[in-house]
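Inspection log for the structure reproduced underneath, given as structure tokens.
The analysis underlying the following values was restricted to heavy atoms, covering all of them including side chains, and did not include hydrogens, waters or symmetry mates.
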Amino acid sequence: MGRKFAVFLIVCVVGAALALWGWSLVKEQVQPVAEILDQLPADVRVDISAKGVTLSQGEDGKELWKLTAKSAGYDQDSGRANLVEPIIEYTSGDQPVHIVAPNGTVNQSQNTMTLESGVVAHYGSVKITGRRLDYNGTAHQIVISGDALVRRQGLTIEAPKFVFNLKTGEILALDGVRLDAEGGRENAGEEIKQ
């Protein structure tokens, strides 16, 4: 009986040692996944998650935009990718549009994107900021809203909403526009086009 117990004890110790050794090998692969899940909002159900994500979309054989993000989670039911720290380069027209935000959502099947929590866009010498950005790829336009500002060479335009046409480069300010040209503030009416 003592010999069976000794063999059983040795098997348990060897099994425990193998389990610890196996965990040490797998732990390095599990840790990055846990870090990505910690970065996503708590109410987001994720089917797939990834760190260091790049998405792109093209038209007529040319890349329209390229998006990189620190991490993303994809929900198959909604068809959306939830992004952490997205950076977008839109390359239609004569100058690229560079956009950054703390987080966002992409739905490639609907050709839409929403960025939130403080958006900054650069187009040549123009800087556009706002709380939210909505991209519509079908219309080739970006709408920036929420404390939206356009700054360019001593000129600041405030509006609740700016519509940026990515094909023409035209920026349209809507819904109660205020203009500050080198310190002189004026109410510029309802609509200003660049």
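Following chains of ILVMFWY side-chain contacts shorter than 4.5 Å, one can reach Val120 starting from Ile87, so the two form part of one hydrophobic cluster. Cluster membership check: Val177 shares its hydrophobic cluster with Leu155, using side-chain heavy-atom separations under 4.5 Å among Ile, Leu, Val, Met, Phe, Trp and Tyr. Taking hydrophobic clusters as Ile, Leu, Val, Met, Phe, Trp and Tyr residues chained together by side-chain heavy-atom distances below 4.5 Å, Tyr123 does not share a cluster with Leu149.
In this view, Glu89 and Pro96, His98 satisfy the side chain to side chain contact (heavy atoms under 4.5 Å, CB included) rule, not counting sequence neighbours. Remark: Arg151 engages no residue in a side-chain hydrogen bond (donor to acceptor under 3.5 Å, both in side chains) (not counting sequence neighbours). For Thr138, the side-chain hydrogen bond (donor to acceptor under 3.5 Å, both in side chains) criterion is met by no residue, not counting sequence neighbours. With sequence neighbours left out, the side-chain hydrogen bond (donor to acceptor under 3.5 Å, both in side chains) criterion links Asn111 to Gln57. Listed by chain and residue number, Arg132 satisfy the salt bridge (charged side-chain N to carboxylate O under 4.0 Å, His left out) test with Glu116 (two or more places apart in sequence, or in another chain).
Contact record, Ala159 with Ala173: CB-CB, 4.1 Å, taken as the closest heavy-atom pair. Between Ala148 and Pro160 the shortest heavy-atom distance is CB-O, 4.3 Å. The shortest heavy-atom contact between Phe162 and Glu158 is CZ-C, 4.2 Å. Annotation for Ala69 and Val84: closest pair CB-O, 3.5 Å, computed over non-hydrogen atoms. For the residue pair Pro86 and Ala101, the shortest heavy atom distance occurs at CD-O, 3.1 Å. Between Phe164 and Val97, the shortest heavy-atom distance links the atoms CE2-CG2, 3.5 Å.
Between Ser125 atom OG and Arg152 atom CZ the span is 4.5 Å, to the nearest 0.5 Å. Distance check, rounded to the nearest 0.5 Å: CG of Asp180 to OG1 of Thr156 gives 5.5 Å. With rounding to the nearest 0.5 angstrom, the CD atom of Gln141 is 12.5 Å from the CD1 atom of Ile171. Rounding to the nearest 0.5 Å places CZ of Arg178 at 13.0 Å from CD1 of Ile157. To the nearest 0.5 Å, atoms OH (Tyr135) and OG1 (Thr112) are separated by 9.5 Å.
Each of Val119, Val150, Ile99 was evaluated against Ile128; a single residue qualifies, Val150, per the side chain to side chain contact (heavy atoms under 4.5 Å, CB included) test.
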| query | Yes or no on side-chain contact (heavy atoms from CB on, under 4.5 Å) for Asp75 and Arg80, after CA distance, side-chain angles and deciding distance? | reply | CA-CA 6 Å; Asp75 182 342; Arg80 288 184 274 179; 5.5 Å; no
| request: Walk me through it: do Asn165 and Leu172 pass the test side-chain contact (heavy atoms from CB on, under 4.5 Å)? | output: CA-CA 8 Å; Asn165 184 314; Leu172 186 63; over 6 Å; no
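Applying the salt bridge (Lys or Arg N to Asp or Glu O under 4.0 Å) test to pairs two or more places apart or on separate chains, none has a residue in residues 100-111.
At least one side-chain heavy atom of Ile88 sits less than 4.5 Å from a side-chain heavy atom of Leu115.
Between Arg131 and Asp147, at least one side-chain nitrogen of the basic residue sits less than 4.0 Å from a carboxylate oxygen of the acidic one, meeting the salt-bridge criterion.
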